[in-house]
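No hydrogens, no waters, no symmetry mates; every other heavy atom, side chains included, goes into these values.
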Amino acid sequence: MTATLLRTAADLHARARTGRRAVVMTMGALHEGHATLIRTARKIAGPEGEVVVTVFVNPLQFGAGEDLDRYPRTLDADVELAGRSGADAVFAPSVDEVYPGGEPQVRISAGPMGERLEGAARPGHFDGMLTVVAKLLHLTRPDVALYGHKDAQQLALIRRMARDLNFGVEIVGVPTVREEDGLALSSRNRYLSPAERRTALALSQALFAGRDRHAAQEALRARAREVPATRARAEALSAIGESRAAADAHAVATTAGGPAAVRAAARLVLDEAARLDPPLRLDYLALVDPSDFTEIGDGFTGEAVLAVAARVGATRLIDNIPLTFGPFGDAS
């Protein structure tokens with residue numbers, strides 16, 4: 001299908017609406033990750049609904065020295081990809097359309113959550129992000145808005161804003177899309193040279209190492225539970241000829257693991273990448289509670305996010321994966 005390009009809110013509001021409107025907000029330079037969001041929006045909106053993709057490079061969320069001027073602008077290709085993926089319209093307003101009086105004097109504050117991790121690395125970023133999201137929600141008037149899990153802290157803040165400020169919009173998160181080598185799709189990947197891209201793979205590799213360490217821990221705990229820790233256990237282990245291996249598994253399962261082991265496994269990969277040419281320069285590695293993005297402790301149970309941000313050359317990249325921590329012996 002072909003997407004209609006709209007430049008003003010008046011043009012968007014003039015469109016007849018039947019069914020649900022689903023909105024996908026982007027800064028353009030669309031790729032397969034965005035296409036996945038659009039296809040998901042199409043399913044949610046259904047054949048009677050409408051999918052609108054916004055393309056707007058928001059100056060408020062770029063700090064001093066960041067890549068506002070060189071951020072890729074590929075509107076013609078964006079409209080084509082959006083249409084192929086199921087969008088009915090692309091809303092690509094100018095800066096004057098979104099901020100008709102210049103930079104807004106009243107803005108959304110991201111609060112304490114917006115000062116952590118990405119907020120600490122990019123002061124003011126989340127205030128600018130939430131301000132434009134709020135404006136675009138008002139301008140597009142959707143029933144549902146979709147955002148990617150790759151920007152996990154952004155998604156958490158948007159959900160919090162919608163709940164705390166009573167936005168009548170359903171917020172839907174869509175899983176991260178990765179390239180075959182594991183690198184999370186991002187518009188900034190195009191900045192990477194071949195050598196920089198090889199180094200950048202350490203971000204996803206670190207996350208996967210943390211995830212695999214956690215999965216191995218849970219498998220060892222399950223194995224250790226198979227027989228009780230008594231004399232009968234030792235006899236049973238001996239009988240099956242696995243006393244040393246199983247006992248070692250039991251020792252590892254009961255003494256090492258949890259959030260600390262996940263962080264250590266991920267950091268090992270990142271430390272090795274710091275010695276590559278070109279090197280990876282770590283901004284942060286964090287294992288956090290997604291409700292407020294504070295670091296979790298060793299006794300934590302529930303959903304968590306393992307997040308990383310780093311620079312390779314002049315390009316800054318972020319990535320994350322979800323993990324689940326349960327009581328001793330529970331699978332994740």
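Proximity of a side-chain donor or acceptor of R281 to a complementary backbone N or O of G313 within less than 3.5 Å is detected. Distance alone, capped at 3.5 Å, places no donor-acceptor pair between the R7 side chain and the S94 backbone. Side-chain N or O atoms of N320 include one that pairs as donor or acceptor with a backbone N or O of K150 at under 3.5 Å. With hydrogens and angles disregarded, no donor-acceptor distance shorter than 3.5 Å links the side chain of Q205 to the backbone of L270. For T74 (side chain) and A77 (main-chain N/O), no donor-acceptor pair under 3.5 Å exists by modelled atom type. Side-chain atoms of R42 come within 3.5 Å of backbone N or O of G46 as a donor-acceptor pair.
Between A29 and S187, the shortest heavy-atom distance links the atoms O-OG, 3.1 Å. Here the closest non-hydrogen pair linking G173 and L155 is CA-CD2, 3.9 Å. For the pair L37 and L146, the tightest heavy-atom approach, listed with the atom from each and the gap, is O-CD2, 3.9 Å. In terms of heavy atoms, P104 sits closest to Y99 at CD-CD2, 3.6 Å. The heavy-atom pair separating G28 from D78 by the smallest distance is CA-OD2, 3.3 Å. A156 and P290 make their closest contact through CB-O, 3.8 Å (heavy atoms, listed as atom of the first residue, atom of the second, distance).
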Passes side chain to side chain donor-acceptor pair (under 3.5 Å), D292 versus T294? Steps please. CA-CA 6 Å; D292 59 9; T294 57; 2.8 Å; yes
Walk me through whether V24 and T54 qualify under side-chain contact (heavy atoms from CB on, under 4.5 Å). CA-CA 6 Å; V24 174; T54 70; over 6 Å; no
Between I108 and L165, does a side-chain contact (heavy atoms from CB on, under 4.5 Å) hold up when you go through it step by step? CA-CA 10 Å; I108 301 291; L165 301 184; 4.0 Å; yes
Verdict with reasoning, D88 to R15, per salt bridge (charged side-chain N to carboxylate O under 4.0 Å, His left out): CA-CA 11 Å; D88 299 287; R15 291 174 63 88; 5.3 Å; no
How far apart are the C-alpha atoms of I158 and L130, what are their side-chain angles, what is the distance that settles it, and do they pass the side-chain contact (heavy atoms from CB on, under 4.5 Å) test? CA-CA 7 Å; I158 292 170; L130 289 178; 4.1 Å; yes
The test is side-chain contact (heavy atoms from CB on, under 4.5 Å); show your working for F91 and V53 and say whether it passes. CA-CA 6 Å; F91 177 48; V53 176; over 6 Å; no
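Listed by chain and residue number, E118, A121, R122, D283, Y284, A309, R311, I318 satisfy the side-chain contact (heavy atoms from CB on, under 4.5 Å) test with R316 (two or more places apart in sequence, or in another chain). Annotation: side-chain contact (heavy atoms from CB on, under 4.5 Å) contacts of E103 (sequence neighbours excluded): L60, R107. The side-chain contact (heavy atoms from CB on, under 4.5 Å) test applied to S204 returns R178, F208, D319, not counting sequence neighbours. For H13, there are no ring pair (Phe, Tyr, Trp, His ring centres under 6.0 Å) partners, not counting sequence neighbours. For A195, the side-chain contact (heavy atoms from CB on, under 4.5 Å) criterion is met by S193, R198, P278, not counting sequence neighbours. Qualifying ring pair (Phe, Tyr, Trp, His ring centres under 6.0 Å) partners for H31, counting only residues two or more places apart in sequence or in other chains: H34. Every residue two or more places apart in sequence or in another chain that forms a salt bridge (Lys or Arg N to Asp or Glu O under 4.0 Å) with D164 is listed here: R160. Looking at residues two or more places apart in sequence or on another chain, you find no ring pair (Phe, Tyr, Trp, His ring centres under 6.0 Å) involving F293.
The hydrophobic clustering, which links ILVMFWY residues whose side-chain heavy atoms are closer than 4.5 Å, places V269 and V308 apart.
How far CE of M161 is from OG of S109: 12.0 Å, rounded to the nearest 0.5 Å. The CG atom of L183 sits 7.0 Å away from the CG atom of L192 when rounded to the nearest 0.5 Å.
Under the salt bridge (charged side-chain N to carboxylate O under 4.0 Å, His left out) criterion, the residue pairs touching residues 17-35 are R17-D143, R20-E170, R21-E50, E32-R39, with sequence neighbours excluded. Here ring pair (Phe, Tyr, Trp, His ring centres under 6.0 Å) pairs that include residues 109-163, with residues two or more places apart or in two chains, are H138-F167. Residue pairs meeting the salt bridge (charged side-chain N to carboxylate O under 4.0 Å, His left out) criterion with at least one member in residues 200-212: none, sequence neighbours excluded.
Checked against E303 for a side chain to side chain contact (heavy atoms under 4.5 Å, CB included), the options T324, L323, I296, D289 give a single hit: T324.
Cluster note: V177 groups with L185 through ILVMFWY side-chain heavy atoms spaced under 4.5 Å, whether in direct contact or through intervening members.
Ion pairing between R197 and E179 holds under the 4.0 Å rule for side-chain N and carboxylate O.
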